[in-house]
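Just below is one structure, and these are the notes that go with it.
Atom set for the values below is all heavy atoms of this structure, side chains included, hydrogens, waters and symmetry mates excluded. Proteins get letters first, then strands, A, B, ... in listed order; numbering begins at 1 in each.
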2 protein chains.
Amino acid sequence: MTQYHPLTIQDAISLAKKIPGHFRKDAELSCREIGDGNLNLVFHITDENGKSIIIKQALPYAKVVGESWPLSLDRARIESEALNIQHSICPDLVPQVFYSNRELAITVMEDLSDHTIMRKGLIEGTAYPLFAKHIGRFLARTLFYTSDLGMNQQEKKERVKQFINPDLCKITEDLIFEDPYRDSPNNSFSEDIRDEAEALWNDTELHLEVALLREKFLTHAEALIHGDLHTGSIFATPESTKVIDPEFAYYGPMGFDIGAVIANLLLNYSAQPGWSSDEQTLHERRERLLRMVSDVWTEFETNFRALWNEEVLDITAKTPGYQDLYVQKILRDAIGFAGCKMVRRIVGLSHVADIDTIEELAIQEQAKRTALAIGKSLIKINRNAVSIGEVIQKAEQAAQQKGVRV
Amino acid sequence: MTQYHPLTIQDAISLAKKIPGHFRKDAELSCREIGDGNLNLVFHITDENGKSIIIKQALPYAKVVGESWPLSLDRARIESEALNIQHSICPDLVPQVFYSNRELAITVMEDLSDHTIMRKGLIEGTAYPLFAKHIGRFLARTLFYTSDLGMNQQEKKERVKQFINPDLCKITEDLIFEDPYRDSPNNSFSEDIRDEAEALWNDTELHLEVALLREKFLTHAEALIHGDLHTGSIFATPESTKVIDPEFAYYGPMGFDIGAVIANLLLNYSAQPGWSSDEQTLHERRERLLRMVSDVWTEFETNFRALWNEEVLDITAKTPGYQDLYVQKILRDAIGFAGCKMVRRIVGLSHVADIDTIEELAIQEQAKRTALAIGKSLIKINRNAVSIGEVIQKAEQAAQQKGVRV
């Protein structure tokens, strides 16, 4: 009988040797624990020829900013099952799972250390010319094929059951949709933007929009969403994109995943004055990031509509006008959720390195104000938005108003 | 080990004797099978003093209009678990469950034979002066307390899982949202209204609205809904109302249950020329039915808003404007679903006695055309409706246009 215990380096090596088809029995394996230790152990195991795998093990608690709270190990099951589904739909964009063990809460998967965490790459100014194409396809295919449009509607209900994920959803419900809009002990922001935080707590127009978006997150079981698709959940090179860490996966609104991608590109956009060395670089990177935002949506929409036209299983889905309204709903949700995700990264518990590691504090403050301005305006326009162009416009406006050099 | 087999009369009596606290060990029990045999066996068991209980057993198939198809026995679990939850929320409006057995697919419950099936009562012209108050309270309380508004949001997710109900949802998806809008072999309508059926198949404006409503049925996990709340699922007397048969229960849109009640009152309204003996009676009954429709909504809304103001658990729910938009959404959904439920009872597989047992065929045809006209107009106005008054107005208009005496 296995029983849950955190793996030691030696345990990880023994386990690695047992995974069929990877290492020779007499291989000399070396192993490093490379996780951040907050939620998971991550073991990187290599043989003498450089062949490698990753063993990820969930820890029974979460540590965030010193706090520790218990967290269900079931998230490891959710993660490995979501990875399997996503990999079957987009084999080139999701790491392959070789083995998983529910009791030990482990997933053994493809090693992606030749890729960089995209957030880090963006901070360093790396261009990802294929990213929008890749992620647009990932979003369109995973969302379509796990929804009532692209799979049997009775099997989909069993999938909803399989991915009921209360613990991880609670994190999102609290940290994204609740805390930033009131004076919560879970918030975390620098004193120089206290005025912004207090304005958030008193903006009832904003609260109404966030309540409506939160209600969608709570009730709209549209598709198996990744649930945490920020640029830290993406491994990338200029040629390749891999989506990892779907432990927040559950059946939710499609726009949530798209909004997460857009929000994190716009957070990097807001941070650019801290990373671009000169006017020319700043201008180019900002243009590139906004083009990426626009392209992510367009690639999603193009792929999604093509799947709808060619692969749809739902016989009512061919009704004239339905696809347009459905796509419009996804766009609006994506814009609203993107706004929520930007706001929470500035005043909520968990921040992003794009902004928080800017050394010069005045520029860091300016980046925060820019991100908040974009976030708030996206939330406010979400229900009436008709094109991704409005997002670009709001981003440019906010950047200008917050005095970013243009 | 018990193992599933359909109970005989003798089995039912033996089982009844084993239920604690009901019958004396030496009681003389008599038992009649009173189900319609299409979906369930229903045993009515009485002792010599008139004390009685009901044993309901699911059959592993459904028979409708001669067709037979397999149907999951899990619906008996769903029914008894839903009854328990609804009874705990509205003890006076839901029969008490004394015992249930998952393997045998049986539920033993309170006998309500002193009540009449409400559809029958309405056909006979019975007034139910307390019905709107009762059902409005049932709807408000069961929907509120099983939703993210009135229960812990993480426990609610476990409830969603508990009530995943693919087989029974499929019946609704097909028979209500799909078949009536195309030339399906599952449809059933009299030849005198073939023009109406064909018009439905070609009305793409209607198809779009139905596709949008169907999408809500498929994805909006708002509350534990009854799922089949027509007047055949309600036992009533002028003083008492009991909601039975929640085997279609699952987490769905709140408006679906409210719409079902409204639709069935309006079906009876459409049928009144067949049942009212004179102009005066016709006029009175029609007025009464429309007042009931209006009162059902008003009682629901009043109770629901009071619960929201006094009992809401969701801290974002106090956001100004949110309750109004939420209630408006429920109203719109209720109106749309009511329309779908009317249409399907005229051209779809399963009809209502209110209309189909009208003897004079010209009047029956007129009733069908009236019901279809009301149903279609409710579907078409649903997304922009702002008050229940619009439903009343559409019903009166349709009745007038279809030549009902007014």
Legend entry - Residues of residues 310-321 of chain B contacting chain A, heavy-atom criterion under 4.5 Å, by residue number: Asp314(B), Ile315(B), Thr316(B), Thr319(B), Pro320(B), Gly321(B)

Inset, instruction - Answer yes or no: is there an ion pair linking Arg75(A) with Glu79(A), defined by an N-O contact shorter than 4.0 Å? - result: no

Legend entry - Note: Arg77(B)-Glu81(B) ion pair, threshold 4.0 Å (strictly below): yes

Inset, instruction - May I ask you to say whether Glu155(A) pairs ionically with Arg159(A), meaning some side-chain N is under 4.0 Å from a carboxylate O? - result: no

Legend entry - Contact residues of residues 197-215 of chain B (partner chain A; heavy-atom separation under 4.5 angstrom): Thr204(B), His207(B), Leu208(B), Ala211(B), Leu212(B), Arg214(B), Glu215(B)

Legend entry - Smallest separation among heavy atoms of Lys157(A) and Pro166(B), with atom names: CD-CA, 3.6 Å

Legend entry - Per-residue contact mode, Lys329(A) against chain B (heavy atom under 4.5 angstrom): side chain

Legend entry - Sole candidate of Leu149(A), Ile330(A), Ile258(A), Leu224(A) that passes side chain to side chain contact (heavy atoms under 4.5 Å, CB included) when paired with Leu143(A): Ile258(A)

Legend entry - Contact listing (chain A partner; residues 167-174 of chain B; heavy atom under 4.5 Å): Cys169(B), Lys170(B), Glu173(B)

Inset, instruction - Specify whether Phe217(A) and Tyr250(A) have parallel, tilted or perpendicular ring planes, treating 30° as the upper limit for parallel and 60° as the lower limit for perpendicular. - result: tilted

Legend entry - Sequence-distant partners of Lys341(B), salt bridge (charged side-chain N to carboxylate O under 4.0 Å, His left out), two or more places apart: none

Legend entry - Phe177(B), part contacting chain A, at a heavy-atom distance under 4.5 Å: backbone

Inset, instruction - Go through the atoms of Gln153(A) and report whether side chain, backbone, both or neither lie under 4.5 Å from a heavy atom of chain B. - result: side chain

